[in-house]
Asks: 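Pasting a structure below so you can have a look.
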Amino acid sequence: MDKSYNPKAFEQKIYARWLENNYFAAAPDKNKKPFTIMMPPPNITGQLHMGHALNNSIQDALTRYKRMRGFMALWLPGTDHASIATEVKIVEKLAAQGIDKKSLGREGFLKAAFDWNDQYGGRIVEQLKQLGCSCDWNRKAFTMDERCSKAVREVFVRLYEKGLIYRGERMINWCTECKTALSDAEVEHKESASGLWYLKYPVQGADGEFITVATTRPETMLGDTAVAVNPGDKRYVNFIGKSLALPLTDRIIPVIADSYVDAAFGTGAVKITPAHDPNDFEIGQRHKLNRIAVMDDGGVMNENAGAYKGLNRFDARKKIVHDMQQKGLLHKTESRKNNVGCCYRCDTVVEPMVSLQWFVSMQPLATPAIQAVESGKIKFVPKRFEKIYMHWMRNIRDWCISRQLWWGHRIPAFYCTACGNEEVSRHDLTACTACGGSVKQDEDVLDTWFSSALWPFSTLGWPDKNADLDYFYPTDVLVTAYDIIFFWVARMIFSGLEQMGDIPFSTVYINGLVRDAKGRKMSKSANNGIDPLDIIDQFGTDPLRFSLMNGIAPGGDQRFSADKIEGCRNFMNKLYNAAKFVMLNCADAVIVPDITAHKKLSAADNWILARYNTAVSAVTRAYDKFDAGQAAQRLYDFTRNEFCDWYVELAKADLADPERRKVTQNVLLYVLRGILKMLHPVIPFITEEIYMQLPNRDAQSIMISEFPKSVKTPAKQARSAAEFEHIIQLIRAVRAFRAEKNVPPSKRTALYLVPTADVSAPLTQSVGYIKRLAAATEVFFLTPSVPSAQLLTAAAAAYIPSADLTDNAAEKARLLKELAFAEAELKLAQTKLNNAGFTQKAPQALIDAEREKVQRFTQTVSKLTQSLKN
RNA sequence: GGAAGCAUAGCUCAGCCGGGAGAGCGUCUGCCUUACAAGCAGAGGGUCGGCGGUUCGAUCCCGUCUGCUUCCACCA
């Protein structure tokens, strides 16, 4: 073995072997219900970022754990191809080569896009492999592949036939940069400083009279077709039905009454622009108002804007405000903060526009989706995310699914050019089925999340019947970050319920976000992103994975820091070296089939085995709760503090003893193997590397080995282990004593002990350990009558007979401190016991523990007092 | 405007069923003790955000206040 941990020496080699032997697809027990994890589609347009690294590491850990527990564990990978961002990227890439999207035509563009995607999709797969991810790559599927296309089309047709998909003119969110419609979920609201302008509209036939309206978007006034007031508003009741001259245009608009208007807000009069505002759109429908669109799809004022034609919407705003002021029609301007909608991909301010789009009726789909979570069939971990989901589902509005792009699943709707018949079909149509006229397919494609929503079954081959689908659906757990609950999780749930008649997964595990060291969200624009591959290159994959998972709380955000990663790398080194020590000392080991039943276990052996059993059950519990963070932390503590710091050191003494050597070797190997197995889901490479060199290896690969079973420590062994804790405390006390006196480890001294009765047996058996770990040349046992103890522990009173170690001021101070502590503890316990409420209501075990404390500390206090006198 | 989360050691964060609080890093002291200086042994450091309440007992449960973060939201 190398002198120290060197991941580059083995990581790639190991992964290649896993692939070669197809361990990822290995099925330990096909009769068990399978365990399936859905993998969110990474966005292939960017590099793998820390969020992916975290998310994929958690999924991989769960998959590996379940596989080791004998489940047929499958991790379905996927890649999201059909997004707006992808198309934008492809367009950019083509532009860099001097190629215009439109000049290629749809076919040419798609071909270029597929080429580009193959390249990047492949790159993502390679990156995930570097993370050690144990996907079954043979099942890889992309939202744009044939299988998924078939499923998408089938779902579209089914929903259409049920009347749950419809086409209509609605107010939608329009991105003037991407030039496509957006769903509500794709709009981000950002607070920005803006103005509230009060505009005066002259009343027709009443010279000098005005109605003042307030608006945050003056440029839309050119499209106003009415001014609305509340019907009960006394200020305006006489104006209802009158006409206003719309300034800057030659149009006359009516004053209408609508209860939507809040008389208490602003001036109580609202300008109505049905073509450019969702509320106005509805009012317009109620009052049959014209819709006058004053901008084109790029946010530039059109011919309806008269003199403002050709200006972009923001320049038009400035000019209109200026012109209104010139005309004396600007009553006042207030500065004001308000929320503007922005495109979540490109951050452009979203423009509400009326257009003909496809929608999914959400009400009928949402009801069962709400029920599935309410009834507990689907659980969110942590539970608080259920509220977010519920709130969204209960307030859901119809989903705009058409996008004005080329890169995506084309909407399977055909329109007859002769009779106007609209037809949705599973197969491409060449002629109208009603009149035989020629047909044209809808130009739009579907929202990328429409196909992603089908992931749990489309990747398994739906709509075709097949064994995989029967076996794996519904899947078990979906792991994802909370920022994607609406986009993806919610839609998978209602799609699964609608198409499959069953939930897509029973658990939604939500992980948090990875932020930078200052707590900011990592993003390209802030340029604070850290590439996981760089970290892997510098430290190794296992340290990266461990640092992302160790100690994280489910759903909580975390900060990424270089210090943390270094600490994790150091832990790998620790583990590596501990293994090296075991191997060096176990070359001649004779493996015993079941070490736990061995009759010659020492007190130290019993102790580590008991601690090990405790660790196994804690770790198992954590993994079963999908809490890899807790599992990793528990393992870190056990490995470092109990195995390395204590047992390995204790073993040194026993390995030198020919009587004990064989047993010790077996315990070392047994515990080490268990540690490796339990750590394997979190840090797959180093554990495999070490495992393959173990003499007591029990499988071809740790990946497919059996996870340690939880065993209850036998009572006798537990007792022995508990006694041994006292020995450890004694060693600690002697070490602390020596350290305070600045005795270098090289200076070894004799140690006199007066054993406490109940631990005298283990104490006499532990002389070897004490000599080694407490730097004692010799350990002498004294009768209780011998005074001058310097140290008092539960195991023994101790005395170190070196002239320069005794009776100085520092020692007296230390003893006083000990005394103060003991007295405080004693008082605390006594106070509790004197409290009638406590003795009556507290559990018996606690009361007993307090009584024991009183006894123990009374003794300690008297001994310390005695020592101080001497 | 609505909702959620977070406030614990100098920093970053754990803390499962309420029984007097932990880790990593940093700091200080002493050590190359034959697996590991990417290390070892020790030490110091916290009115668990403020105030009330429930309880024999509260970091934990309830209320409230303060500060930060995030999500949702068509009020011009």
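Because the structure is predicted, anything quoted here is derived from the model rather than measured. Order of the sequence lines sets the chain letters (A, B, ...), proteins ahead of strands, with each chain counted from 1.
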Asks: Where the side chain of A/A736 is concerned, which of B/G24, B/G42, B/C25 is the nearest nucleotide?
Replies: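 Nucleotide nearest to A/A736's side chain: B/G42.
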Asks: When you compare B/G53 with B/A58, how far apart are their P atoms, in angstrom units rounded to a whole number?
Replies: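 Looking at atom P only, B/G53 and B/A58 are 11 Å apart.
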Asks: Looking at every non-hydrogen atom in both residues, tell me the closest pair between A/K625 and A/Q630 and how far apart they are.
Replies: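 Closest heavy-atom pair between A/K625 and A/Q630: NZ-OE1, 3.5 Å.
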Asks: Using only heavy-atom distances, decide whether a donor-acceptor pair under 3.5 angstrom links the side-chain of A/E386 to the base of B/A4.
Replies: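 Such a pair does not exist between side chain and base.
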Asks: Considering every strand shown, what is the Watson-Crick or G-U wobble mate of B/A41 when both distances are under 3.5 Å?
Replies: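 By the stated definition (distances under 3.5 Å), B/U29 pairs with B/A41.
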Asks: Main chain of A/A226, side chain of A/K271: is a donor-acceptor contact present, judged purely on distance under 3.5 Å?
Replies: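 Answer holds: no.
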Asks: Starting at the 5' end of RNA chain B, which residue's closest nucleotide do you reach first, A/R384 or A/Q558?
Replies: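 That would be A/R384.
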Asks: Quick one: which of B/C36, B/A38, B/C25 gets closest to the side chain of A/N570?
Replies: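 Closest nucleotide among those given: B/A38.
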Asks: When rounded to the nearest Å, what value does the distance between P atoms of B/G50 and B/A7 take?
Replies: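 Their P atoms lie roughly 13 Å apart.
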Asks: Where does B/C40 land, syn or anti, given syn is within 90° of 0?
Replies: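 You should classify B/C40 as anti.
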Asks: Mind telling me whether A/Y389 and A/F380 have parallel, tilted or perpendicular rings, with 30° and 60° as the class edges?
Replies: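 Ring orientation, 0 to 90° scale: tilted.
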Asks: The side chain of A/Q633 is closest to which nucleotide in this list: B/C25, B/A14, B/A35?
Replies: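 Of all the options, the side chain of A/Q633 is nearest to B/A14.
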Asks: Using the P atom on both, measure B/G20 against B/U54 and round to a whole Å.
Replies: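 Approximately 22 Å lies between the P atom of B/G20 and that of B/U54.
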Asks: Tell me whether the side-chain N/O atoms of A/K652 come closer than 4.0 Å to OP1 or OP2 in B/A35.
Replies: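 A/K652 to B/A35 OP1/OP2: side-chain N or O found under 4.0 Å.
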Asks: Taking the C1' atom in each of B/U59 and B/A9, what is the distance between them to the nearest angstrom?
Replies: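 Nearest-Å result for B/U59 against B/A9 at atom C1': 14 Å.
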Asks: Taking the P atom in each of B/U29 and B/A35, what is the distance between them to the nearest angstrom?
Replies: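 Those two atoms are separated by 28 Å.
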Asks: Looking at B/G24, I'd like to know if its phosphate oxygens (OP1 or OP2) sit under 4.0 Å from a side-chain N or O belonging to A/N550.
Replies: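 No, because none of the side-chain N or O atoms of A/N550 sits under 4.0 Å from OP1 or OP2 of B/G24.
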Asks: Just say parallel, tilted or perpendicular for the rings of A/H331 and A/Y198, cut-offs at 30° and 60°.
Replies: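 Plane angle over 60°, so perpendicular.
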Asks: Under 4.0 Å between a side-chain N/O of A/R640 and OP1 or OP2 of B/C40, yes or no?
Replies: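 Yes, A/R640 has a side-chain N/O under 4.0 Å of OP1/OP2 on B/C40.
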Asks: If we call it a pair only when both distances are under 3.5 Å in a Watson-Crick or G-U wobble match, what pairs with B/C71?
Replies: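 In the structure as shown, B/C71 has B/G2 as its Watson-Crick or wobble partner.
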Asks: Would you tell me if any nitrogen or oxygen in the side chain of A/R559 comes within less than 4.0 Å of OP1 or OP2 on B/C13?
Replies: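 Answer is yes, contact under 4.0 Å.
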Asks: Watson-Crick or G-U wobble partner for B/U12, using a 3.5 Å limit on both distances?
Replies: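 Here B/U12 is engaged in a pair, and the nucleotide opposite it is B/A23.
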Asks: Any chance you could list the contact pattern along nucleotides 71-76 of chain B? Use B for base contacts, S for sugar-phosphate-only contacts and - for none, protein heavy atoms under 4.0 Å, 5' to 3'.
Replies: -SBBBB
Asks: Please report the distance separating the P of B/G52 from the corresponding atom of B/C60, rounded so that it comes out in whole Å.
Replies: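 One P to the other, the span is 14 Å.
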Asks: Within 45° of the axis and under 6.0 Å from the centre of the six-membered ring of A/Y5, does NZ or CZ of A/K574 qualify?
Replies: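 Because its charged atom misses either the 6.0 Å distance or the 45° angle limit, A/K574 does not stack over A/Y5.
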Asks: Where each residue is assigned the nucleotide of RNA chain B containing its nearest heavy atom, which of A/Q630 and A/E850 is assigned the position nearer the 5′ end?
Replies: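 Residue closer to the 5' terminus by nearest nucleotide: A/Q630.
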Asks: Take atom CZ of A/R515 and atom P of B/U69, then tell me their distance rounded to the nearest Å.
Replies: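 Whole-Å distance recorded here is 10 Å.
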Asks: Applying the Watson-Crick and G-U wobble criteria at under 3.5 Å, what pairs with B/A58? Answer none if nothing qualifies.
Replies: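 Pairing partner: none.
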